[in-house]
> 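Quick one: this structure, given as structure tokens, is what I'll be asking you about.
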Amino acid sequence: MSSKDSQWMRIALDEARGAYDRGEVPVGAVLISASGDELARAGNRIEELNDPTAHAEIMAIREAANIAGSPRLVGTTLYVTLEPCAMCAQAISLARVNRLVFAAYDPKGGGVEHGARVFSHKTCHHIPEVVGGLMETEASEMLRDFFKERRQ
């Protein structure tokens, strides 16, 4: 991992904070081009849009694909504050994202290192390089605080 990885993850964490402030589960994502430029950033918007697929990863992939004019985002890196669920992992594969860097692990709903383990299946179209645990503590604390507030 590089200092650039931390820089991009900080931006994803900012998007997660924005989601938190909107009453969404605090997950943020930022998608970077092969040349190192930001293509898209997003936070969860599930409640706001009444859309169960409006996860931060999906929103960033949609925006970047629209900008690129292609459903394939070859050579890109996606930074996300929580291990992607199975739906998002499949979208990452279909978009041909080259590298996935996530912060907090999600033993309950994750689809990369946990649960469905989408990238481990023979039928997976594309398997990105995966790096987990970058800035995990900060992301985990934000999620823990969010759910603690809701349970009170």
> Membership question, hydrophobic clusters at under 4.5 Å side-chain separation (ILVMFWY): are Ile11 and Ile58 in the same one?
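Result: no, two separate clusters.
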
> Between Glu38 and Ile32, is any pair of side-chain heavy atoms under 4.5 Å apart?
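In short, these two side chains touch, coming nearer than 4.5 Å.
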
> Using side-chain contact (heavy atoms from CB on, under 4.5 Å) as the criterion, list what pairs up with His121, not counting sequence neighbours.
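Result, side-chain contact (heavy atoms from CB on, under 4.5 Å) vs His121: Thr123.
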
> Kindly determine whether Phe102 and Glu57 satisfy side chain to side chain contact (heavy atoms under 4.5 Å, CB included), including the steps that lead there.
CA-CA 11 Å; Phe102 67 86; Glu57 303 94 307; over 6 Å; no

> Closest heavy-atom contact between Glu63 and Leu39?
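Nearest pair, atom of Glu63 first, then Leu39: OE2-O, 4.1 Å.
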
> Should Val118 and Val112 count as side-chain neighbours, where that means a heavy-atom distance under 4.5 Å?
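Not touching, per the 4.5 Å side-chain cut-off.
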
> Please report the shortest heavy-atom distance between Ala89 and Pro84, naming the atom on each side.
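Taking Ala89 first and Pro84 second, the nearest heavy atoms are N-CB, 4.1 Å.
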
> Would you compute the distance between atom CG of Asp145 and atom OH of Tyr20 and round it to the nearest 0.5 angstrom?
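Here the interatomic distance stands at 5.0 Å.
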
> Given Met135 and Arg10, is the side chain to side chain contact (heavy atoms under 4.5 Å, CB included) satisfied, shown in steps?
CA-CA 8 Å; Met135 303 176 90; Arg10 279 188 205 90; 3.7 Å; yes

> Looking only at heavy atoms, what is the nearest atom pair of Met9 and Val101, with distance?
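Shortest heavy-atom contact: CE-O, 3.6 Å.
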
> Going by atom types only, do Ser70 and Arg96 share a side-chain donor-acceptor pair under 3.5 Å?
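Checked: Ser70/Arg96 side chains show no N/O donor-acceptor pair below 3.5 Å.
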
> Looking only at non-hydrogen atoms, find the nearest pair between Ala104 and Ser140 and report the distance.
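Heavy atoms of Ala104 and Ser140 come nearest at CB-OG, 3.4 Å.
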
> Could you grab the distance from atom OH of Tyr105 to atom CD of Glu113, nearest 0.5 Å is fine?
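The CD atom of Glu113 is 5.5 Å from OH of Tyr105, to the nearest 0.5 Å.
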
> Answer yes or no: is there a donor N or O on one side and an acceptor on the other, between the side chain of Asn44 and the main chain of Ala56, under 3.5 Å?
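Answer holds: yes.
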
> Write down the atom of Ala95, the atom of Ile61, and the distance for their closest heavy-atom approach.
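Residues Ala95 and Ile61, closest heavy atoms: CB-CG2, 4.0 Å.
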
> Between Leu143 and Pro26, is there a side-chain heavy-atom distance shorter than 4.5 Å?
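Side chain of Pro26 against side chain of Leu143, heavy atoms only: contact under 4.5 Å found.
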
> Rounded to the nearest 0.5 Å, how far apart are CD of Glu15 and OH of Tyr79?
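Answer rounded to 0.5 Å: 15.5 Å.
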
> At their closest point, which heavy atom of Ile127 faces which heavy atom of Phe119, and how far apart are they?
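Smallest heavy-atom distance, with atoms named: CD1-O, 3.3 Å.
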
> Grouping I, L, V, M, F, W and Y whenever their side-chain heavy atoms are under 4.5 Å apart, do Met87 and Val27 come out in a common cluster?
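No; tracing contacts between hydrophobic side chains, which count when under 4.5 Å, never links both residues.
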
> Under the side chain to side chain contact (heavy atoms under 4.5 Å, CB included) criterion, do Glu24 and Phe146 qualify, and how do the steps go?
CA-CA 9 Å; Glu24 301 276 357; Phe146 177 83; 5.8 Å; no

> Just verifying a value: how many Å separate Glu83 CD and Glu136 CD, rounded to the nearest 0.5 Å?
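The CD atom of Glu136 is 10.0 Å from CD of Glu83, to the nearest 0.5 Å.
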
> In Å and rounded to the nearest 0.5 Å, what is the CG to CZ distance from Leu31 to Arg62?
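Separation between the atoms: 14.0 Å.
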
> Compare all side-chain heavy atoms of Leu78 with those of Arg99 and state whether any distance is below 4.5 angstrom.
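No, their side chains stay 4.5 Å or more apart.
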
> Before accepting this row, confirm whether a basic side-chain N of the pair Arg17/Asp14 lies closer than 4.0 Å to the acidic partner's carboxylate O.
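A salt bridge is present here (some side-chain N lies under 4.0 Å from a carboxylate O).
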
> Quick one: pull up CD in Gln90 and SG in Cys85 and give me the separation to the nearest 0.5 Å.
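Between Gln90 CD and Cys85 SG, I get 11.0 Å after rounding to 0.5 Å.
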
> With sequence neighbours excluded, what pairs up with Ala54 under the side-chain contact (heavy atoms from CB on, under 4.5 Å) test?
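Ala54 satisfies side-chain contact (heavy atoms from CB on, under 4.5 Å) with Arg45, Ile46, Leu49, Asp51, Met59 once adjacent residues are dropped.
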
> Check the hydrophobic clustering (I, L, V, M, F, W, Y; side-chain heavy atoms under 4.5 Å; chains of links allowed) and say if Ile92 and Leu94 are grouped together.
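Not linked; separate clusters.
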
> Spell out, yes or no, whether Leu73 and Ile67 are grouped together once hydrophobic residues are joined by side-chain heavy atoms under 4.5 Å, including indirect joins.
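No; Ile67 is not reachable from Leu73 via cluster members.
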
